[in-house]
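Report on the structure given below.
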2 protein chains.
Amino acid sequence: MMATPASSEPGTRGRILDAAERLVQSRGFNGFSYADVASELGVTKASLHYHFPSKAELGEALIARYSARFVAALGQIDADGLAPAAKLAAYAALYAQVLREERMCLCGMLAAEYETLPAPMRHAILSFFDHNQGWLRTVMEDGRADRSMSFDGTAEDGAQTILGGLEGALLVARPYHDVGRFETAATRLIAGVTGAR
Amino acid sequence: MMATPASSEPGTRGRILDAAERLVQSRGFNGFSYADVASELGVTKASLHYHFPSKAELGEALIARYSARFVAALGQIDADGLAPAAKLAAYAALYAQVLREERMCLCGMLAAEYETLPAPMRHAILSFFDHNQGWLRTVMEDGRADRSMSFDGTAEDGAQTILGGLEGALLVARPYHDVGRFETAATRLIAGVTGAR
DNA sequence: GTCTATAGGCAGATAGAC
DNA sequence: GTCTATCTGCCTATAGAC
């Protein structure tokens, strides 16, 4: 049901992305350095620059891989043939898994640092949110169509509320090291927005 | 209805806090430097160190002032004698005002960078969330008591969902420069969690 | 209180040997 | 591809004059 959480690619390039991804998700893009990645991998900083000439390019590669993994996970949820409400629960479970690794969503973290990031990274972050919101909107439209969901306003607005709500639940729950805190909020959030009683 | 948004204290110390606060809320604690504050104020870095010997102490002072301002704003909302639902709307309006200045909530921003911060700042961030959640819980309990609100589960869980939801709505809406995006989510969030139809 | 000057360290990045 | 060595610049922080 879930895309491979990490350690997906083989080779040095993949190991760099794995280490950098974990560092960004826990410390932020401005909170880690090439030296951090190098020491974790047992290589030199110069070696990293061979694979990713600049930190900005490393950042772009991180978002691209993370987004692709998320797209795959959403495709898998669709392929599982779940009911709309179950799809939303599966979606929230993706976030819960991130929190279990004591991480923030990569793009949620980068959204906080948005003002400091180069344009290509900014665009990729918005694309991530757009894609997620589009998927959520479709699920909510399906739920309304089959009468399993009932809600005011547009599915787009509902999708936006869920996306932001889950990102914020992650943001606040992580410092407390409390996954239950996230899950409670996620359940109420989905129920509240979709009209479940 | 709203506490003074900024520029509250006079004197150099207050001007330093004002500039640093804006920088942290837009760029993050790891995304600004003493040089940024100094150039904005037209003083030297050394002068800043006279008022705040270390960046960590500046960070603690920022959270303390921000929290005090928020406590005052919540007290004002209580003093206005609003109905519980109106109190929640007023609470959300505090966040909307932050977004209008193209900022993130100070403590929401710092929550993202939590892993990189010194212990005193961490504790102050959690205290901010605890206080806000406690206030929201009381409002929801009042709403349930006077039957103006109806919701499943505990008021504590509902308060937590609103707090995280609003933080996340800010986080995601800010890169889009879209206050309407926040307000739509905030309205649905409050309605969904409190049982409004 | 604010300044000049500077220390000491770490950041991202490059050149060139192997 | 990975290394050693190095560059340049910025970072936080301090000393001491005014």
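Throughout, a chain's letter reflects where its sequence line sits, starting with A, and its residues are numbered from 1.
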In terms of the angle between their ring planes, are B/Tyr66 and B/Phe70 parallel, tilted or perpendicular, with boundaries placed at 30° and 60°? tilted
What is the distance, to the nearest angstrom, from the CG atom on B/Leu48 to the C1' atom on C/dC3? 12 Å
Compare the minimum distances between each of D/dC11, C/dC3, C/dA11 and the side chain of B/Ala35, then state the nucleotide with the smallest one. D/dC11
Of B/Lys45 and B/Gly42, whose closest DNA chain C nucleotide lies nearer the 5' terminus? B/Gly42
Using whole Å, what does the distance between atom P of nucleotide D/dC11 and atom OH of B/Tyr34 come to? 13 Å
Which whole-number value in Å describes the distance from A/His51 NE2 to C/dA13 C1'? 16 Å
Taking any heavy-atom pair under 4.0 Å as a contact, classify B/Thr44: base, sugar-phosphate, or nothing. base
Determine whether A/Tyr95 and A/Gln97 make a side-chain contact, defined as any pair of heavy atoms from C-beta on separated by less than 4.5 Å. no
A/His49 atom NE2 is separated from D/dT4 atom P, nearest whole Å, by 15 Å
Rounded off to whole Å, could you give me the OH-to-P distance for the B/Tyr50 and D/dA17 pair? 18 Å
How many whole angstroms separate atom CG of A/Leu41 from atom P of D/dC3? 10 Å
A/Arg188 side chain to B/Asp152 main-chain N or O, any donor-acceptor pair under 3.5 Å? yes
Using the side-chain heavy atoms of B/Ala46, tell me which of these nucleotides is nearest: C/dT4, C/dG1, C/dA13. C/dT4
Ignoring backbone atoms, test whether B/Ser33 places a side-chain nitrogen or oxygen under 4.0 Å from the OP1 or OP2 oxygen of D/dC11. yes
Could you tell me the separation between the CG atom of A/Asp36 and the P atom of C/dC10, rounded to a whole number of Å? 11 Å
Are B/Arg122 and B/Tyr114 in a cation-pi setup, meaning NZ or CZ lies under 6.0 angstrom from the ring centre and within 45 degrees of the ring axis? yes
From CZ of B/Phe52 over to C1' of C/dG1, roughly how many Å is that when rounded to an integer? 14 Å
